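These notes are about the structure you will find just below.
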Amino acid sequence: MKKYRFLIALILACLCLSATSHKFYLSVTEIEYKEDKKDLQIISKVFIDDFQDVLEQRYEETITLSVEAEKGPVEKLIQKYLKSKLQISADGKPIALHYLGKKYDKDQLILFIEGENVETFNSIKITNAILTDLFDEQKNVVNVKVKDDIKSLMLMRNADTDVLNFDD
């Protein structure tokens, strides 16, 4: 339990630093299973400058991610990128993920994603390779909540997929 508290404190401290001075590469993704709605609600937080860089380099497009002056095919590129980098399956069945939108918060981009028609499951397999194609040292923390049970993963390049079991 102390490990989780330390990890959460470390993540929060890292996220509070400004984008101009960050020398670490970290995203945090929260996944919550809503049994009554049979869906996964996903919120992923990334640094705006890193996400803009990866979209521009990967798709050879000039864009601006900014609440004041967003430019270019931003929504289309975000959808395309997330589809290639974030995959989830429950009990071996792939879940179709739908990008719902985004919000800017200081130096972070908050992405809203949903997986619908998800039956109760015992295991969830998650691939999160967001930003690992641009930054070797990218770490993607994934927290999954099912009922009152919360489990976490740290995914990175060459280890971007793992499974959590909730059948305890």
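Here the structure is a predicted model, which is why all the values come from computation and not from measurement.
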How about Leu109 and Lys45: do any of their side-chain heavy atoms sit closer than 4.5 Å?
no
Between Ile110 and Asp105, which heavy-atom pair has the shortest distance, and what is it?
CD1-CB, 3.8 Å
Ser123 to Val163 - nearest heavy-atom pair and separation
CB-CG1, 4.1 Å
Separation of Leu86 CG from Ile31 CD1 (nearest 0.5 Å)
6.5 Å
Under a 4.0 Å N-O cut-off, is there an ion pair linking Lys34 with Glu32?
yes
Group every Ile, Leu, Val, Met, Phe, Trp and Tyr by side-chain heavy-atom contacts under 4.5 Å, then state whether Val67 and Phe51 land in the same group.
yes
Within the 4.5 Å heavy-atom criterion, are Ile150 and Val144 side-chain neighbours or not?
no
If you compare all heavy atoms of Ser27 against all heavy atoms of Val46, which two are closest, and at what distance to 0.1 Å?
CB-CG1, 3.7 Å
Against the six-membered ring of Tyr33, is Lys147 placed for a cation-pi contact (under 6.0 Å from the centre, within 45° of the normal)?
no
Donor-acceptor contact below 3.5 Å, side chain Ser66 vs main chain Ala69
yes
Measuring centre to centre across the rings, with the benzene-like ring taken for any Trp, is Tyr99 within less than 6.0 Å of Phe112?
no
Gap separating the CD1 atom of Ile126 from the OG atom of Ser89, nearest 0.5 angstrom:
9.0 Å
Just verifying a value: how many Å separate Met154 CE and Asn128 CG, rounded to the nearest 0.5 Å?
11.5 Å
Verdict with supporting geometry, Lys83 and His98, side chain to side chain contact (heavy atoms under 4.5 Å, CB included):
CA-CA 8 Å; Lys83 186 173 183 170; His98 307 284; over 6 Å; no
Just checking, any donor-acceptor pair under 3.5 angstrom between side chains of Thr127 and Asp160?
no
Strictly below 4.0 Å, N to O, side chains only: are Asp133 and Arg157 in salt-bridge contact?
no
Answer yes or no: is there a donor N or O on one side and an acceptor on the other, between the side chain of Tyr104 and the main chain of Ile48, under 3.5 Å?
no
For a quick test of reading the model, state the closest non-hydrogen atom pair linking Leu134 to Val54 and the distance between them.
CD2-N, 3.6 Å
To the nearest 0.5 Å, what is the distance between CG on Leu55 and CD on Glu60?
13.0 Å
Can you tell me how far CD of Gln108 sits from OG of Ser44, rounded to the nearest 0.5 angstrom?
10.0 Å
Could you walk me through whether Thr62 and Glu56 pass the side-chain hydrogen bond (donor to acceptor under 3.5 Å, both in side chains) check?
CA-CA 6 Å; Thr62 301; Glu56 287 184 326; 5.0 Å; no
Is any side-chain heavy atom of Lys145 closer than 4.5 Å to a side-chain heavy atom of Gln41?
no
Side chains of Thr132 and Ile130: does their closest heavy-atom pair fall under 4.5 Å?
no
Ile95 vs Leu40 side-chain heavy atoms within contact, under 4.5 Å:
yes
Pair Lys80 + Glu75: basic N to acidic O under 4.0 Å
no
Check whether any side-chain heavy atom of Ile42 sits under 4.5 Å from a side-chain heavy atom of Ile88, and report yes or no.
yes
Whether Lys38 and Glu119 form a salt bridge (side-chain N of Lys/Arg under 4.0 Å from carboxylate O of Asp/Glu) is what I want to check.
yes
Between Asn165 (side chain only) and Asp167 (backbone N and O only), is there a donor and an acceptor less than 3.5 Å apart?
no
Tell me whether Asp148 at atom CG has more than 12 heavy atoms from other residues, nucleotides or ligands lying less than 6.0 Å away.
no
Flag for Gln138-Asn140: side-chain donor and acceptor within less than 3.5 Å:
yes
Quick one: does any side-chain atom of Gln87 pair with a main-chain N or O of Ser84 as donor and acceptor, under 3.5 Å?
yes
Give a yes or no on whether the ring-centroid distance for Phe47 and Tyr25 is below 6.0 angstrom.
no
Do Gln52 and Thr64 have side-chain N/O donor and acceptor atoms under 3.5 Å apart?
no
Does the side chain of Leu111 come within less than 4.5 Å of Ile43's, by heavy atoms?
no
Leu153 and Val141: side chain to side chain contact (heavy atoms under 4.5 Å, CB included), yes or no, with the steps?
CA-CA 6 Å; Leu153 298 171; Val141 175; over 6 Å; no
Any Leu155 side-chain heavy atom under 4.5 Å of Asp162 side chain
yes
Across all chains, not counting sequence neighbours, the side-chain contact (heavy atoms from CB on, under 4.5 Å) partners of Glu61 are Tyr59, Ile63, Pro73, Lys76, Leu77
CD-CG distance between Glu137 and Leu26, expressed to the nearest 0.5 angstrom
12.0 Å
Minimum heavy-atom separation for Ala129 and Tyr81, please, with both atom names.
O-OH, 4.0 Å
